[in-house]
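Throughout, a chain's letter reflects where its sequence line sits, starting with A, and its residues are numbered from 1. Heavy-atom basis, side chains included; hydrogens, waters and symmetry copies ignored.
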Amino acid sequence: MGQNIKIVLAGEGGQGVQSIAEIISEAAYNSGFQSLYIPNFGVEQRGGVSVAFVQISDQSVDAPKFIIADIVIALSRRAIERVKPYIGEKTLLVYDSSVDDEVEKIYGKLGENRQLSIPALEMAQKEVHPRVFNIIILGVVVGVAELLEKKDVEQALERRLGHKFAQDSSLKNLNYRALELGYQLGQGK
Amino acid sequence: MDIKPIQDEKRAFMTGNEVIVWGALAAGADIMYGYPITPQNEIMHYWTRLVPKYKKDFLQTEDEISAGFTTVGGVLAGKRAFTATAGPGNVLMQEALSMAEMMRLPTVVIVTQRGGPSTGTVIYSQQEVNLTCFGGNGEGLRIVYSTSSHQELFNYTIKAFNTAWKYRFPTFVLSDGYQSKMREPVTIYDPEEKGITIEPTESLLGLPGTPGVERDPAHLRNTYNLEDELYNVVKSSVKEYNSIISKIVEYDTYAVEDAKVLIIAHGVVSRAAKAAISSLREKGIKAGYFRPITLRPFPDEALRSLVDNVDHIVVAESAYGQLENIVKNNLYGFNIPIIGYLRPGMGITPEEITDFVKAELSL
Amino acid sequence: MEVTAQPQMPKVWRAETKPHKFCPGCGHGIVLKALGKAIDELNIQHNTIFGCDIGCSLLTWDFFNLDTIQTHHGRTIPVLVGIKRVRPELVVVSYMGDGGAYAIGAQHLVSSANRNELVTVIVVNNTQYAMTGGQMAPTTLPGQKTETSPYGRDIKLTGKPMLGPELVASIAPEGAYVARGTVSNVMQLKNFIKKGLENQIKGNGFSFIEALSACPTNWRTNAAETWSFIENEMSEYFPIGELRTPDEKKVGEKRKVTSNGAKH
């Protein structure tokens, strides 16, 4: 069996869920994987929870959407409940520590290797900047998934934000630091 | 000569709607006429951004009726004209496409299926098979390619223009909302570098020379006074359509040699169906897969040649029996049970097909 | 069959398809004569595309020595817009009835006028749907009897007759040409049509001519009654003349809008 990983990302509009999904899937493609990203798009998406589906595989990807994910990243209180259909017996649920109580309420104890609470919001506020919260999450996903080379992620990040980095070089530092912080949080989990 | 939009091969990671635009550019499309509807909108968005660079044209019309009829006008004027639509827009467009069918006009339409009936969802379905294949008050003398990946979106968008202009039947690329919105790898290329010749176009109106003086006028109509006038026109179109079927039909098979269970799917669902074969075979079920790429004309002979030793046929589709009915029609006289895994407006995964087959066959 | 062109026939008429197939007393022949003469005078037979609808106008599909496309109810405008957009050197003439223009195809008329498309639209107003057997049309006069208003058009239930040129004149941008002529004044009608064609050729903008026309078959009128209906009843409701000409400059002028939205 080859490598094949299915990721669901969910959060509030504006949390950058779709950008993270786009960067990860593009980075995977740059690393030589087959990858497929599809946003959950519907009339309800405006004002609702935004969901992204990413698949990374060393073989061709079968269907655009899937049911049970390997990794689910839920970034907001509402997203915790919204992602329930995608959580199976082996799924790892990643979430921000600020919604620990919500996870407890909905899922109880999933077990140590099935849940990962990360203080991304707090870290963003204290150590970098709230605006790069989603980049920390990106780093976490890359760390957890253990499939992608960091340089490919940086390249995808560069393609997406390069024009902003060119205007303000401090932004580049900020994003790279956020990526590294997230990576450290997610690595080995 | 205009600037070539694509030189050499380029690997890319983009959405299906963007792929379609590159396909249309590669095919030498001249103008897009369009009206906004989700999920095809980004086709117009990408096209309009590239229009000045490649000296193309775009017109946003007042509705899909007009988008269809302006496309008809562009084709009559001898240009590779196309449009794109979905759902309720596809319904409105059938009036113009029926005219294209009657007059054998090489219109090219991209359909990005969304949920139905009516407004349905803006997301995804395979519920526009009947409408795209048989819409209008006619006989369905159309050519419909159902794509399953970005590579096919690119390849078949180019092919749609060529097929349309070569055989002069309205031609469709039947895609869906998933393919529109998802990103996956694709290789785009200049068709001529791959040995694909772009079919020349021809003006049906506005020909050289003064009509009635230097030549006869082109008097084109789709209305006839007498029953037998119309009968002869339609009969001759049907005859020509039937004569080109073997040159047009396309299909794909997998693991059919010893198959006892044949899973039939088209479009993006065929990816899930193909993936399900391996897991079914791991469980000892001799499953095979058949995928019509052209839904019109349907690869009937190919299908019939496969089913002699098949005990069960399973049709999986994101619609309530539109493909299943086509399959049944084409297997008339064969006594094989056909079971539908019918999920109107819902995506289908390999696991779902596997579970369904196991449950239905009590295995 | 040997056919000799009648001396009064416009040059662009196709003699092989004459006599034409319209009913005795029909106004189409007169409008088409005005159009034919205008085309002759402008010497544009070689590059004019004629488009017609279904309804009685479809009987013109082989009428002229012009490349011709017959399409559906109200759809000649988009078909010709589609042609003109990619072949701007052609002169395109969209010919239809009032049902096609003001009811089933109204969206195309309104939007193409608003975009100032370079097409010339000729609408034949005979106050009802003729080919389908005389039903009420947007242009049916108050009290007029038709097959679907057998007791006379009740404007409380069905609205007032549609004023097509007035509608177009109120929305078309500068450069548009809008006029209403009548089959009872062929010279004037021909001049309006000619100006409408010239307006397209010069690239000024949308051109629109309504022609008041006759349908004695469905009106069930004799010659005198037919003439009287056009000259008196129709002309009273539908004023003859030019509503917009491209040389008019509306410098600093703004249309006043009253509280109920009506324009002055």
Side-chain angles (χ1 to χ4, degrees), chain B residues 29-33 35 56-81 83 92 94-96 98-100 102-103 105 107 136-137 201 203-225, chain C residues 11-17 21 43-55 58-92 104-112 114-115 117 119 131:
Chain B
D30 297 296
I31 184 164
M32 176 182 187
Y33 304 91
Y35 184 79
K56 304 295 180 183
D57 282 308
F58 175 76
L59 175 64
Q60 183 168 326
T61 57
E62 55 274 16
D63 57 21
E64 285 91 350
I65 299 173
S66 182
F69 279 101
T70 46
T71 303
V72 161
V75 164
L76 286 167
K79 300 292 179 184
R80 279 183 209 90
T83 183
L92 285 182
Q94 290 306 320
E95 189 193 332
S98 188
M99 173 173 162
M102 167 63 108
M103 302 181 77
L105 303 177
T107 51
N137 52 339
T201 63
S203 296
L204 302 172
L205 289 171
L207 307 167
T210 302
V213 180
E214 295 158 270
R215 62 172 173 90
D216 281 340
H219 283 155
L220 310 178
R221 60 171 167 162
N222 59 64
T223 313
Y224 297 89
N225 292 326
Chain C
K11 241 175 52 208
V12 70
W13 276 28
R14 185 162 177 81
E16 291 88 329
T17 57
K21 307 171 193 93
N43 198 21
I44 52 171
Q45 183 176 347
H46 62 288
N47 65 339
T48 297
I49 305 291
F50 181 73
C52 59
D53 256 31
I54 46 180
L58 89 82
L59 298 175
T60 60
W61 75 275
D62 60 354
F63 197 94
F64 290 108
N65 273 322
L66 295 173
D67 285 356
T68 300
I69 174 70
Q70 175 261 317
T71 177
H72 295 189
H73 32 33
R75 314 298 180 225
T76 52
I77 296 178
V79 169
L80 293 182
V81 164
I83 293 172
K84 185 75 179 184
R85 285 268 170 165
V86 290
R87 296 279 300 276
E89 77 281 9
L90 299 173
V91 180
V92 297
I104 196 167
Q107 75 272 40
H108 311 308
L109 176 64
V110 167
S111 296
S112 57
N114 188 56
R115 292 193 300 259
E117 295 284 354
V119 297
M131 178 67 97

Sort out for me which of [options] touches chain C most, counting heavy-atom pairs under 4.5 Å.
options	result
B:Val72, B:Ile65, B:Ile31	B:Ile65
B:Glu214, B:Arg215, B:Met102	B:Arg215
B:Ala218, B:Ala96, B:Gly212	B:Ala218
B:Leu204, B:Val75, B:Val213, B:Leu76	B:Leu76

So, the part of C:Asp62 with a heavy atom under 4.5 Å from chain B: the answer is both

Under 4.5 Å heavy-atom distance to chain B, tell me which part of C:Leu80 shows up: side chain, backbone, both or neither. neither

side-chain contact (heavy atoms from CB on, under 4.5 Å) between C:His108 and B:Thr61, worked out: CA-CA 9 Å; C:His108 311 308; B:Thr61 57; over 6 Å; no

Any side-chain to backbone donor/acceptor pair from [X] onto [Y]? Under 3.5 Å, distance only.
X	Y	value
C:Arg87	B:Gly206	yes
C:Asp67	B:Leu207	yes
B:Asn222	C:Gln70	yes
B:His219	C:Phe64	yes

Let me confirm one number: the [atom1]-[atom2] distance from [X] to [Y], rounded to the nearest 0.5 Å.
X	Y	atom1	atom2	answer
B:Thr70	C:Lys84	OG1	NZ	16.0 Å
C:Leu59	B:Thr223	CG	OG1	9.5 Å
B:Asn225	C:Lys21	CG	NZ	7.0 Å
C:Ile69	B:Leu205	CD1	CG	6.0 Å

Side chains of [X] and [Y]: does their closest heavy-atom pair fall under 4.5 Å?
X	Y	answer
B:Lys79	C:Arg85	no
C:Leu66	B:Pro217	no
B:Glu95	C:His73	yes

Salt bridge flag under 4.0 Å for residues B:Asp216 and C:Arg14: yes

Top residue by heavy-atom pair count (under 4.5 Å) with chain B, among C:His46, C:Gln107, C:His72, C:Lys11? C:His72

Quick check for you: among C:Cys52, C:Pro78, C:Gly105, which has the greatest number of heavy-atom pairs under 4.5 Å with chain B? C:Pro78

Applying the side chain to side chain contact (heavy atoms under 4.5 Å, CB included) test to C:Thr71, which of B:Arg221, B:Met99, B:Met103 qualifies? B:Met99

Taking every non-hydrogen atom, the tightest pair across C:Gln45 and B:Pro211: NE2-O, 2.9 Å

